[in-house]
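For reference, the structure discussed in these notes is given below.
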Amino acid sequence: MDSYDVVVIGSGIGGLVAAGLLARYGRRVLVCESHSLPGGAAHAFQRQGFTFDSGPSFYCGLADPTSCNPLREVLHALGESVEAIPYDPLGHYHFPDRTLAIYGDAERYQASLAEFSPQAAQELKALTQKMLAIYRPLGSIPTLALRADGWLLPTLLQRFPKAMVQLLPQLRGLGRSMGDFVDATVQDPWLRQLIDLECFLLSGMKAHQTVAPEMAFMFGERSESVIDYPIGGSGAIVDALVRGLKRWGGQLRLGTHVEKIWVDGGMAKGVRLKNGERIQAAKVISNATLWDTCNHLLRAEDLPASYGQQALKTPAVDSFMHLHLGIRSEGLENLTIHHVVVNDQNQDITTPGNTCMISIPSVLDPSLAPDGHHVIHTYTLEPWAGWQRDAGYGAKKEAKVQPLIRALQRVIPDICDRITLKLIGTPLTHQRFLRRHQGTYGPAIAAGQGLFPGCKTPIKGLYRVGDSTLPGIGVPAVAASGILCANSLVSPRETAALLDLQTHTGTQH
Ligand SMILES: Cc1cc2nc3c(=O)[nH]c(=O)nc-3n(C[C@H](O)[C@H](O)[C@H](O)COP(=O)(O)OP(=O)(O)OC[C@H]3O[C@@H](n4cnc5c(N)ncnc54)[C@H](O)[C@@H]3O)c2cc1C
């Protein structure tokens with residue numbers, strides 16, 4: 001039987017970060033991934049010369065040494081980096097009656113808003129200041145210093161006393177919702193709607209449900225660092241993490257589905273694969289979602305009933321309709337990368353099909369599409385319920401992508417005449433390829449309505465990483481979850497030594 005210090009179930013960004021860092025700390029690490037491609041929701045795939053991002057395309061601070069992006073910190077610790085192209089405006093928001101350019105640069109964003117409402121621009125400025133007051137002290141503490149045990153506070157007080165003092169007045173704000181900040185700062189109805197939209201894009205929920213630090217991080221990174229896109233697409237980030245893992249002796253087995261976490265006497269002992277093979281490990285980390293871990297990877301008798309019930313009661317954000325397109329690009333020279341289209345102003349932005357996200361990364365990196373073409377990923381929320389692979393599946397798919405086509409027509413009016421490759425993904429596709437409970441985007445734990453369970457579990461030796469452990473869905477948040485988990489499995493002295501090394505190599509703020 002193979003034996004490791006740590007087995008990680010899943011090669012999502014959270015799993016790869018935890019695995020890479022633990023390998024960096026000298027642990028013998030194996031990552032088992034069901035899919036034939038690594039990266040989970042962030043994996044890339046290729047068809048007919050097009051390279052598609054399956055999920056994320058929006059990143060900040062990937063190649064900026066001053067950025068607080070935890071992913072960049074980890075890549076640096078692993079001796080890796082990604083090349084990235086900075087750009088601004090970060091995107092355009094298209095409402096039925098207007099289009100707004102959104103900039104990372106705070107002053108340009110305010111100027112763009114002032115064209116429609118000078119009051120909104122002033123209020124955005126005040127809101128940005130409040131967000132930066134949270135972001136700056138938080139951002140001056142490297143995520144690489146964080147851990148999820150009792151050593152956290154002594155470490156922070158000893159190493160970052162100034163930041164801790166600056167954080168004191170912000171402590172109340174850390175637990176509040178973005179909506180609380182909006183209520184205190186913003187009267188303009190148009191800006192209130194805009195902040196709701198920005199929160200929804202990040203967390204899948206509106207401002208009153210989204211925790212403020214999540215938005216503070218977004219405001220801070222996009223205005224104080226850079227918005228950049230990885231050359232080669234999201235897959236380049238995953239490749240860098242996999243290279244980093246292997247460089248430090250870690251292993252990745254693709255096409256390796258874990259059937260069960262092997263628990264004996266209340267302790268995780270390893271995993272059992274679908275093919276029956278057992279792998280022994282002192283520690284097991286699950287990058288599967290909370291629901292999948294509790295429902296499928298553990299037997300009911302292995303978990304305290306209260307934990308299992310609580311986990312399964314956690315509300316989930318809907319899944320998605322995806323439309324991946326290859327299109328002819330002649331005459332589209334001024335196209336920009338990101339667009340968000342709200343199809344109907346009279347409907348709630350969270351209504352499936354109403355808010356559509358569009359990314360066209362080949363405008364920045366032409367290598368993602370054959371000459372004379374662009375690659376497009378557009379998606380919108382779609383509930384899981386009612387989807388099945390039956391005789392009506394094909395027709396339902398076509399009907400459900402119509403809002404996405406309509407949204408694309410706002411950006412590229414003759415889109416239908418340009419399509420050379422069309423791939424439609426449904427909640428079933430999302431669930432199947434990403435092995436995520438009901439194809440969900442992630443947990444919908446509203447601010448003040450419950451706590452995220454963190455990386456520890458009631459089973460000794462079993463830990464969790466990914467988007468159902470810490471507040472915040474998205475690559476930076478799941479990278480942070482991987483760091484917290486890895487650091488909690490090593491001594492504070494080992495973390496301090498790594499931090500010292502990072503500081504001396506000059507790229508740690
Ligand atoms: C459409 C879309 C757009 C997004 N856009 C952005 C964006 O622009 N910017 C941003 O920052 N974030 C974005 N996100 C969010 C971000 O991609 C995710 O939050 C993040 O990638 C999730 O990472 P994770 O670590 O939770 O793991 P996941 O991505 O969920 O990966 C888990 C992995 O575990 C594997 N696995 C599960 N069960 C098993 C098992 N039993 N055995 C073996 N392997 C298993 C799965 O196959 C998967 O590879 C987007 C997400 C989506 C879906």
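Counting convention: from 1, in listed order, for ligands and their atoms alike. Note that these values count all heavy atoms, side chains included, but never hydrogens, waters or copies made by symmetry.
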Taking both backbone and side-chain atoms of V475, is any N or O found less than 3.5 Å from an N or O belonging to ligand 1?
-> yes
So which of S54, A479, A41, G12 gets nearest to atom 21 (O) of ligand 1, if we judge by its closest heavy atom?
-> A41
Near T256, which atoms of ligand 1 are under 4.0 Å from a heavy atom of that residue?
-> 43 (C)
Which bit of H322 gets closer than 4.0 Å to ligand 1, counting heavy atoms only: side chain, backbone, both or neither?
-> side chain
Within the 4.0 Å heavy-atom cut-off, what L434 brings close to ligand 1 is backbone
Do side-chain atoms of S234 reach the backbone of P56 as a donor and acceptor pair under 3.5 angstrom?
-> yes
Do NZ/NE/NH1/NH2 and the carboxylate oxygens of R436 and D467 come within less than 4.0 Å?
-> yes
Distance under 6.0 Å and angle within 45° of ring axis: R435 vs F433 | no
Whether S362 side chain and D365 backbone form a donor-acceptor pair below 3.5 Å | no
Among S481, G10, S319, closest by any non-hydrogen atom to atom 36 (N) of ligand 1 = G10
Do any N/O atoms on F58 end up under 3.5 angstrom from N/O atoms on ligand 1?
-> yes
Does a side-chain N-to-carboxylate-O contact under 4.0 Å join R253 and E277?
-> yes
Anything under 30° is parallel, anything over 60° is perpendicular, the rest tilted; go ahead and classify Y135 against F217.
-> perpendicular
Please identify which atoms of ligand 1 are closer than 4.0 Å to at least one heavy atom of F320.
-> 53 (C)
Contact check: S34 vs ligand 1, nitrogen or oxygen atoms, below 3.5 angstrom = yes
V478 to ligand 1: N or O pair under 3.5 Å?
-> no
Part of P38 with heavy atoms under 4.0 Å of ligand 1, whether side chain, backbone, both or neither | neither
For H257, counting its heavy atoms only, list the atoms of ligand 1 lying under 4.0 Å from any of them.
-> 40 (C), 41 (N), 42 (N)
Say whether H377, considering both its backbone and side-chain N or O atoms, lies within less than 3.5 Å of an N or O atom on ligand 1.
-> no
H324 and its ring-ring contact (aromatic ring centres under 6.0 Å, His included) partner, picked from Y379, F45, F50 = F45
When only distance counts, is S57 in polar contact with ligand 1, meaning an N/O pair under 3.5 Å?
-> yes
Mark up the atoms of ligand 1 that fall under 4.0 Å of a heavy atom belonging to G40, in ascending order.
-> 29 (O), 31 (O), 48 (C), 49 (O)
Between R272 and W262, is NZ or CZ placed under 6.0 angstrom from the six-membered ring centre and within 45° of the ring axis?
-> no
Could you check if a side-chain atom of H35 sits within less than 4.5 angstrom of a side-chain atom of H257, using non-hydrogen atoms only?
-> no
Mind checking whether Y441 and F320 have parallel, tilted or perpendicular rings, split at 30° and 60°?
-> perpendicular
Is the shortest side-chain N to carboxylate O distance from R28 to D5 below 4.0 Å?
-> yes
Roughly how far, to the nearest 0.5 Å, is the CE atom of M357 from the CG atom of L404?
-> 8.5 Å
Go through the steps for D2 and R278 under the test salt bridge (Lys or Arg N to Asp or Glu O under 4.0 Å), then give the verdict.
-> CA-CA 8 Å; D2 280 347; R278 274 180 191 258; over 6 Å; no
Could you tell me whether ligand 1 has any atom less than 4.0 Å away from a heavy atom of I13?
-> yes
For H430, counting its heavy atoms only, list the atoms of ligand 1 lying under 4.0 Å from any of them.
-> 53 (C)
Check ligand 1 against L297 and write out every atom of the ligand that is under 4.0 Å from a heavy-atom position of the residue.
-> 41 (N)
Heavy-atom distance to atom 27 (O) of ligand 1: which of I237, N287, V258, L71 wins?
-> N287
salt_bridge(E398, K422) N-O dist < 4.0 Å | yes
Okay, side chain of S359, backbone of H338: is any donor-acceptor separation there less than 3.5 Å?
-> no
At a 4.0 Å threshold, what atoms of ligand 1 neighbour a non-hydrogen atom of A288?
-> 37 (C), 38 (N)
Could you tell me which atoms of ligand 1, counted from 1 in the order shown, lie closer than 4.0 angstrom to a heavy atom of G14?
-> 25 (O)
Should A477 be listed as contacting ligand 1, given a heavy-atom distance under 4.0 Å as the test?
-> no
Could you tell me whether ligand 1 has any atom less than 4.0 Å away from a heavy atom of C32?
-> yes
Between S359 and ligand 1, which residue portion shows a heavy-atom distance shorter than 4.0 Å: side chain, backbone, both, or neither?
-> neither
Structural part of R436 in contact with ligand 1, heavy atom criterion under 4.0 angstrom = side chain
